[in-house]
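Since the structure comes first, as structure tokens, the remarks are kept for the end.
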Amino acid sequence: MTTYITTPIFYVNAQPHLGHAYSTIVADTYARFKRLSGDNVRFQTGTDEHGDKIVQAAEGAGESPQSYVDRISALFRDSWPPLEIEPDNFIRTTDHDHIKNVQAILQKVHDQGDIYFSEYEGLYCQGCERFLTEKELIEGNCPDHLKPPAKIREQNYFFKMGTYQEWLIDHINSNPDFITPARYKNEMLSFLSEPLEDLCISRPTSRLTWGIPLPFDDKFVTYVWFDALINYLTGLGYPDDEKFATYWPVAEHVIAKDILKPHAIFWPTMLKAMGLEPYKKLHVHGYWNMGEAKMSKSLGNVVGPKEMVEEFGADVVRYFLLRDMSFGLDSSFSAEAVVGRQNSDLANDLGNLFSRSLTMVGKFMDGRVPEPGEPRQIDTALAGACTAMVETYSKEMTDFRFHLALQAVWEVVGKANKYIVENAPWDMVKDEEQKRHLGTVFYYLLESLRIIALAVEPIMPSAAAKMRAGLGVDNRGDLATLAAWGRLAPGTAITKPEPLFPRMEKKKGGQQPAKKEKNPAKGKEKAPEGLITFEEFGRVELRVAEIIGAEKIKKSDRLLKLTVRAPEERVIVAGIAEHYQPEDLPGRRVIIVANLKPAKLMGVPSQGMVLAAKDGDRLVLAQVPAEVAVGSRVA
RNA sequence: GGCGAUGUAGCUCAGUUGGUUAGAGCAUACGGCUCAUAUCCGUAGUGUCCGGGGUUCAAUUCCCUGCAUCGCCA
């Protein structure tokens, strides 16, 4: 069997974050699982480096687009090894081969008549340097520049996507696993129930030069998807390399839900137009929220892969992300949740099981794998559980239900712990009659651990390697062979390693919901009506912020749009327009609620609120002196 | 505005093709063991299964409606 698994190529206008890491860990885990299953596997990731946002970001950073994309692309590439992610190929859309082949494909599709030249009329904002959709406008204005966009005409090239609509609907219906999980398939089918518009695939060089020139018209560059999606082909050396012939028809793409439409609609129709088979499967996952809030730069709650590895280590991060998210749904990330998984699942259940088993083999079995005797019911039950687990595990891994795969493994971990208690080897040793079962007990225990290590390998490569080393086994061979019961050779020397996973303290000052109450009853007490507990108050995060900008919101008498530093920059809409003039506000230090759920007011997203006192008809901002540092907590 | 999804124990979720006591993990309390990373095993709970209405001998499960959250579309 052959497997080609990809992540999206990540857009380099921002640094890598948790979401990128998740997609890539999923793809890596799947690649490792397929390799373990004996497949010929290729795993590709990379970066998307063209377009106007890149030019803007480069300008903002004061460097050329090329040096900017080189720098950020390297950030992505370097994020993966610490997470034990090992792609076979890292593609960049600025690679020469990619550019050359994108042009060849454009030429081909153009030659056969699926690309045409046409005029487009749209709402263009000078400030944003882009077209806006009706939907984005607020009261007819650009939301960022508060000016009406100009209606302008622009000529561009279009891809006749609509030609392939019926074919695509049919393909999705006759291949139920083409888009998974099913909710996303349904979403796309519903989208396809309306006629497809053709896809604009160019930008005039008068507006954008940082892109791949169209081969048939050098006054235009390729726009976004016709450049980006094709990476999945050019990364295989399309059209001539034999890698293409080997890996293309089996391609599986991992994406987050935000780029569902390009992958589920644009990409298959593009492939069809090129005369190629569509990919095999699209695996769509949800978002990681930070606690309650969405992850966003302006909220300053973006977690980078680097910090996560430094704090928890690759194995724990990988385990947590795969175990805690139901693939396809959104999930929430918090340091507390990671520590919880690490302590209970990893340290207590698996780590301690491994540790206690090897210690006893050292103590009671002379540090060698014993010869098993005649198994009793309790022994064969454990072996049966392992075999059943491998089957469930394989199925769930294949279907991208990683949390269920891991759940199945941990059921066996639990059974093994129980097996120890039920046998109580420390008592067996003392009883001549019982003693003869001891070898069987430890053989079955060690075999279970060997099989658990095997299952855990794609998710936690380091921990699995430690377990293998301790058990004195290797992982050469495929899953079906290795998972067979009884491969562990009696007489093999066992060496107890350092603990697999350390226990972590529940951590971190500030946000921490206070450690255990001395009087536990008190913690649960509900506050009398009308009062809140200290803990409830503690959830409100008040901070000092400096107003750095203020403007009126059109059509609103009461609202001002404030830009503040807290210390990160954020926008807060405040109902103080009747009491303060915008020009009087910059420089003032006020108190804001920093962890208020973001909301839209008159179409303007607001991240927090400003405290003010209401004195009759007057409204007075709660201010603090300038010597108080911006960002200070107020309590 | 249209379409759809979700709403179950303190938390994260599973489940019920309608039928006696609605489940798992975590968290909590108590008990047991001592090989182990103060770990493991056992026991104990609590739920208007979002609100309202309907169908039915019987609804958390089906239907309608409302509310909340989220997604897609316009």
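What you see is a predicted model, and the numbers here were worked out from it, not measured in a lab. In what follows, chains are A, B, ... by sequence order, proteins preceding strands, each numbered from 1. Hydrogens, waters and symmetry mates play no part in the numbers below; they use all other heavy atoms, side chains included.
Taking a cutoff of 4.0 Å between a charged side-chain nitrogen and a carboxylate oxygen, A:E457 and A:R468 qualify as a salt bridge.
A:F442 pairs by the ring-ring contact (aromatic ring centres under 6.0 Å, His included) definition with nothing, not counting sequence neighbours. The side chain to side chain donor-acceptor pair (under 3.5 Å) search around A:E119 returns A:R153, not counting sequence neighbours.
The aromatic rings of A:F333 and A:W288 stand perpendicular to each other, their planes meeting at an angle above 60°, with 30° marking the opposite boundary. Classified by interplanar angle (parallel below 30°, tilted 30° to 60°, perpendicular above 60°), the ring pair A:F158/A:Y120 is tilted. Below 30°, between 30° and 60°, or above 60°: for A:F178 and A:Y279 the angle between ring planes is below 30°, a parallel geometry. Under the 30°/60° scheme for interplanar angles, the aromatic rings of A:W167 and A:Y164 are found to stand perpendicular. Classified by interplanar angle (parallel below 30°, tilted 30° to 60°, perpendicular above 60°), the ring pair A:H20/A:F10 is perpendicular.
Side-chain contact, A:K185 with A:T180: no donor N or O sits under 3.5 Å from an acceptor N or O.
For A:N423 and B:A36, the CG to P distance is 17 Å, given to the nearest whole Å. For the pair A:E422 CD and B:G32 C1', the computed distance is 14 Å after rounding to whole Å.
Using C1' as the reference atom, B:A29 and B:U16 are 30 Å apart when rounded to the nearest Å.
Comparing A:P502 and A:D427 along RNA chain B, the residue whose closest nucleotide (by nearest heavy atom) sits nearer the 5' end is A:D427. In this structure, A:L350 and A:E194 both approach RNA chain B, and ranking their closest nucleotides by distance from the 5' end singles out A:L350.
A:L353 comes within 4.0 angstrom of no nucleic acid atom, judged by non-hydrogen atoms across all strands.
Taking a 4.0 Å limit (strictly below) on heavy-atom distances, residues 435-446 of chain A does not reach RNA chain B anywhere. Looking at residues 360-378 of chain A, you'll see A:M360, A:K363 sit with a heavy atom under 4.0 Å from some atom of RNA chain B.
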**Q.** B/S/- contact track for nucleotides 4-10 of chain B, protein heavy atom under 4.0 Å
**A.** -S-----

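Applying the ring pair (Phe, Tyr, Trp, His ring centres under 6.0 Å) test between A:H285 and each of A:F400, A:Y22, A:Y184 identifies A:Y22 as the sole match.
Within the structure, every side-chain polar atom (N or O) of A:K496 is placed at least 4.0 Å from both OP1 and OP2 of B:C35.
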Anything under 3.5 Å between a donor and an acceptor, one on a side chain of residues 416-427 of chain A, the other on a protein residue two or more places apart or in another chain? List them.
from   : atom 1 : to     : atom 2 : distance (Å)
A:N417 : OD1    : A:R356 : NH1    : 2.8
A:N417 : ND2    : A:D349 : O      : 3.4
A:Y419 : OH     : A:D379 : OD1    : 2.6
A:N423 : OD1    : A:R376 : NH1    : 3.4
A:N423 : OD1    : A:R376 : NH2    : 3.0
A:N423 : ND2    : A:Y419 : O      : 2.9

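In the set B:U37, B:C35, B:C26, B:U37 carries the atom at the smallest distance from any side-chain atom of A:R503.
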